[in-house]
Amino acid sequence: MTDTTATSTERPPVLLQVDDLKKHFPIFGGALNRQVGAVQAVDGVSFEVRRGETLGIVGESGCGKSTTAKLLMHLIEPDAGAISVGGEEVRRGRRGLREMRRRMQMVFQDSYASLNPRLTIEDTIAFGPKVHGVPVKVAKQRARDFLAKVGLDPNSFIRRYPHELSGGQRQRVNIARALALEPDIVILDEAVSALDKSVEAQVLNLLMDLKRDFDLTYLFISHDLNVVHYVSDRVLVMYLGKVVEVGPVEMLYTASQHPYTRALLSAMPAMDPDKRATEPPLAGDPPNPINPPPGCRFHTRCVHAEEVCKLKEPFLTRVAGEGHFSACHMAIEGSGHSQAPQRVAA
Amino acid sequence: MSLVEIENLHVSFRTDEGTANVINGVDLEVEPGEVVCILGESGSGKSVTLRALMQLLPKRRTTISGRIRVAEHDILSLDERKMADLRGPTVAMIFQEPMTAFDPVFTVGTQIVETIKRHEKISEREAEARALELFERVRIPSPKARLKNYPFEMSGGMRQRAMIALALSCRPSLLLADEPTTALDATVQIQILLLLRELQQELGMAIMFVTHDIGVAVEVGDRIAVMYAGRFVEMGSTREVFSRPAHPYTKGLMASTVHGDMKGQRMKAIDGSPPDLTRLLPGCAFEPRCGERIPVCRQVVPAIRTAGPGHTAACVHVGAPAKELA
Ligand SMILES: Nc1ncnc2c1ncn2[C@@H]1O[C@H](COP(=O)(O)OP(=O)(O)O)[C@@H](O)[C@H]1O
Ligand SMILES: Nc1ncnc2c1ncn2[C@@H]1O[C@H](COP(=O)(O)OP(=O)(O)O)[C@@H](O)[C@H]1O
Ligand code: SF4
Ligand SMILES: [Mg+2]
Ligand SMILES: [Mg+2]
């Protein structure tokens, strides 16, 4: 399934390119209410997504997943870094944003808060296209079409209001609304996390169908590693605002290289009464991204941490397989970590 | 004698939309030291079942019938004062959101000490020593300093540990756990599950653990009871229910839960949604969504049948073929 022999010319083009994205939220305090620190929510994140691919993003709460998504959508502005869609850097200003939002749409976890309670379902879905200059009649027809596409009967739903819908139905409306602008990329931020399992399964089937029918590219953010495994082609793991590992899904799930990824994977319930956990893989809560630890941010919880981990920050380094990278001193040749590959004289 | 005996429990609420029949004939026994997981999706009646055991349902709008015995007390006939005496030493509860268990304006230490003193004739100093011992037991780092924290000063996982300490402060024989790990990261969830399992074994207490997550149920339960529309549709040892699910709803729920190697396959989702509890039809509540339904399913609520050793399910297809089929 993961075709590592394909040459780069055969691979689909890069649709979304993110370079060194940064967002620090200032913290104010003290008697003078001066800035006393910063939450390093996203701190130098880079990745690319190819057309038709699903990139999964995982990590504990607070690691910067939603901030990354909001930066991509320009709902908040980055401190530094660049975002390109379809090979063009997103231009500042209203027109650049509008064009970007047509190509990239987002679905949030909270299906209720993201719908305007005073708009009918029809107006909710038609709103985006109208803003983008689609004639009212066409926009309304689009609302009906996309309702049908997400499995809701237009005749019984167009006149309803969000509060009259179940959580699963509201999430379908959110998906229809995102698709009504005919985007290339859809960012799904915990989009199925609040749903009951039986509804989650229905919505996952729907997302897979829509991806195929509309040739979509997904950025799938979730804390559920089972679901991410199911939907993703590649997976990116974040820890305290940084990318610690990225790679093809099967490689990441069967041969993860970063100690944090391994801990996340072994924290998943075994789904087998004979293989219950005996030891927690990590102690304590995820640390706060205010004043993160120096060196490798994970060193305070890592069982393999050595002196070098406290001093030097590891960078993403190619490991075993094609397209598989880990930011750990154990993967960096000559890093000084006892388990790092030794430098070989040429 | 069992620690918990629930017989033919029915609970309904008066609502603006009519009477909601939320619990519709629940039977359950829990032995001392046993962990029973109640597994079901939202609205199936899991929390209401636990709340009935603690008499925590709103008196004026609720109608309850049936019988609940906990440690030989007839819960439904107790007055508020007698019930308050049981909360703590006999039965205690933990929640998804620890802030519901704590008063935000007192330190967690004060609240634990006060709870102990309310039920036991011991000095302030002894109660404080017990609180410290509890904090050590639930493995809160720097326990002495942490007792002086207000609830909001703790992180999510630590607050959950503090709530467990509060619940265990009077050494209950039954702990009711209502999705206590649902809001936590998986890395923290597994710590709390392991802690609960360890404390349960050390203290020999029974736990009724409510969850919507099969993975969690399999991780902690000796037995699993699957709830749908206010009835247990399947019950048995964790191993039995997990490896040989008998009820079509349980099978559907497992097929709807992404796990292991399902990649590339379409999810076998259950169609439709749970019934409106103000308009429950006669017969099996799962019938409208069931792929195995036959005409009789609509007519009578299926009897509980034997699916295997210590394993039952309320479905006409389970065990000996139903008479109606012949
Ligand atoms: N608007 C904001 N102001 C200050 N801090 C924020 C803001 N948004 C997010 N944060 C902080 O940034 C960090 C990352 O948050 P988020 O991206 O939401 O994480 P995730 O989605 O991975 O759980 C968290 O510590 C969060 O508290
Ligand atoms: N106090 C109440 N008044 C009216 N309806 C209630 C009350 N408490 C719960 N319900 C309803 O009872 C049903 C079961 O609720 P609950 O036991 O909380 O479900 P869950 O299985 O998600 O814990 C739901 O439909 C809920 O809306
Ligand atoms: S760099 Fe060091 S501390 Fe960080 S993950 Fe690798 S071994 Fe652990
Ligand atoms: Mg988030
Ligand atoms: Mg509940």
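As a basis for the values below, the full set of heavy atoms in this structure was taken, side chains included, without hydrogen atoms, waters or symmetry mates. A note on names: the letters A, B, ... follow the listed sequences, proteins ahead of strands, and every chain is numbered from 1. Keep in mind the model is a prediction, meaning the values are calculated, not measured.
- The side-chain heavy atoms of T257(B) and E200(A), taken from C-beta on, include no pair separated by under 4.5 Å.
- A 4.5 Å side-chain heavy-atom check between R276(A) and T238(B) finds at least one atom pair inside the cut-off.
- Only the backbone of T278(A) comes within contact range of chain B, judged by heavy atoms closer than 4.5 Å.
- Judged by distance alone, with hydrogens and angles left aside, the side-chain atoms of E60(A) form no donor-acceptor pair with the main-chain N or O of T187(B) at under 3.5 Å.
- If you measure heavy-atom distances from Q265(B) to chain A, the contacts under 4.5 Å come from the backbone alone.
- Contact of S266(A) with chain B is not made at all, since no heavy-atom distance falls under 4.5 Å.
- Expressed to the nearest 0.5 Å, how far CD of E250(A) lies from CG of D261(B) amounts to 6.5 Å.
- Residues I214(B) and P269(A) form no side-chain contact, since every pair of their non-hydrogen atoms from C-beta on lies 4.5 Å or further apart.
- When atom types are taken as modelled, the side chain of Q191(B) and the backbone of G284(A) share a donor-acceptor pair closer than 3.5 angstrom.
- Rounded to the nearest 0.5 angstrom, S256(B) OG and L195(A) CG are separated by 12.0 Å.
- To the nearest 0.5 angstrom, M262(B) atom CE is 9.0 Å from N226(A) atom CG.
- Looking at K197(A) and D213(B), no side-chain N of the basic residue comes within less than 4.0 Å of a carboxylate O on the acidic one, giving no salt bridge.
- For the set G167(A), S198(A), S232(A), A283(A), the count of heavy-atom pairs under 4.5 angstrom toward chain B peaks at S198(A).
- Looking at D224(A), there are no atoms closer than 4.5 Å to chain B (heavy atoms on both sides), in backbone or side chain.
- Between chain A and the options D271(B), L195(B), L194(B), the largest number of non-hydrogen pairs under 4.5 Å is found for L194(B).
- One finds the CZ atom of R239(B) at 8.5 Å from the CG atom of D272(A) (value rounded to the nearest 0.5 Å).
- Looking at L282(A), the atoms closer than 4.5 Å to chain B (heavy atoms on both sides) sit in the backbone and in the side chain alike.
- The distance from the CZ atom of R159(B) to the CG atom of D285(A) is 9.5 Å, given to the nearest 0.5 Å.
- Interface check for chain B: of the options L204(A), D274(A), V231(A), the most heavy-atom pairs under 4.5 Å are formed by D274(A).
- When heavy atoms are compared at a cutoff of 4.5 Å, M271(A) approaches chain B by way of both its backbone and its side chain.
- Between the K263(B) side chain and the H229(A) main chain, a donor and an acceptor come within less than 3.5 Å of each other.
- For R289(B), the part lying under 4.5 angstrom from a heavy atom of chain A is the side chain only.
- The closest donor-acceptor contact from the side chain of K268(B) to the backbone of A201(A) lies at 3.5 Å or more, if one exists at all.
- Contacts of I270(B) with chain A are made by both backbone and side-chain atoms, with heavy-atom separations under 4.5 Å.
- The contact between R197(B) and chain A is made entirely by side chain atoms (from C-beta outward), counting heavy-atom distances below 4.5 Å.
- Counting all heavy atoms, side chain and backbone alike, F242(B) lies closest to P273(A) at CD2-CD, 3.8 Å.
- When I190(B), V216(B), L253(B) are compared by the number of non-hydrogen pairs under 4.5 Å with chain A, I190(B) comes out ahead.
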